[in-house]
Amino acid sequence: MAVYTRTGDKGETSLADGSRVDKSSQVFSLVGALDELNSRLGMCLVALNFLPPEKQDLFQKERALLVKLQKDLFTVGAVVAKASVKFDFVKETKMLESLIDDYEKELPRLTEFILPGGSEFAGWLHLARVQARKVERMVVGNRQLVKKEAVLPYFNRLSDLLFTLARWANFRLKKEELGTRN
């Protein structure tokens, strides 16, 4: 199968339901933002590969979680593109909340805003977090694209999870977090 189809050479492309839309449409801006988020999660996984082998073992559960999130985002993109797939935003939001609660149990209490950074892995998680916030803002601005109220809480929690994971990664790697008051 060829990667190119030539069907988009004039600036239009097809949604999953077969309708043709301009490539600059809001729906494809959102699908593109989801793809960017997915790619940043991919870079989080790549960053794990550059940890020393003994440190990589600390993040096996997180590796699997990031892959799950990538697959979920692919499904969400299909929902936005009008594919006949389902995604249980309520159930997945609850799962994200549970994960956040579990990770936070290990972390010191947050007393100030922190600057993104620390380890390379945490840095990539922060980049994914800001992309998740961008997606959230796009959903708010284009509610007609995804007509489910549970979409906004999902992306809100996803960015919260990525923030918490970045903190947790730095904690596990013994990397200092800089606060805004330091």
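All values below were derived from every heavy atom in this structure, side-chain atoms included, with hydrogens, water molecules and symmetry-related copies excluded.
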Here the pair of heavy atoms bringing Lys55 nearest to Leu51 is CB-CB, 4.0 Å

Hydrogens and angles aside, do Arg133 and Ser159 bring a side-chain donor and acceptor to less than 3.5 Å of each other?
yes

Side chains of Leu37 and Leu158: closer than 4.5 Å at any heavy-atom pair?
yes

Please check: side-chain N/O of Asn156 versus main-chain N/O of Glu136, any donor-acceptor pairing under 3.5 Å?
no

Is any side-chain heavy atom of Tyr103 less than 4.5 Å from a side-chain heavy atom of Arg167?
no

Do the side chain of Gln131 and the main chain of Ala33 share a donor and acceptor less than 3.5 angstrom apart?
yes

Heavy-atom closest pair (Gly117 atom, His126 atom, distance to 0.1 Å) is N-CD2, 3.7 Å

Where is the tightest heavy-atom contact between Leu66 and Leu41, given as atom of each residue plus distance?
CD2-CD2, 3.8 Å

Val67, Leu69: one ILVMFWY side-chain cluster at the under-4.5 Å cut-off?
yes

Under 6.0 Å between ring centres, would you say that holds for Phe163 and Trp168?
no

Salt-bridge contact Lys68-Asp72 (side-chain N to carboxylate O under 4.0 Å)
yes

Step through it carefully: locate the ring centre of Phe50, locate the ring centre of Phe121, and say whether they are under 6.0 Å apart.
no

Return the minimal non-hydrogen interatomic distance between Gln56 and Leu48, and the atom names on each side.
CG-O, 3.2 Å

Assigning hydrophobic clusters by single linkage (Ile, Leu, Val, Met, Phe, Trp, Tyr; side-chain heavy-atom cutoff under 4.5 Å), is Leu73 placed with Val140?
yes

How about Leu165 and Leu161: do any of their side-chain heavy atoms sit closer than 4.5 Å?
yes

Closest non-hydrogen contact found for Arg40 with Trp124 is O-CE3, 4.4 Å

Same apolar cluster: Val85 and Phe87, side chain cutoff 4.5 Å:
yes

To check you understand the geometry: which heavy-atom pair defines the closest contact between Leu125 and Cys44, and what is its length?
N-SG, 3.5 Å

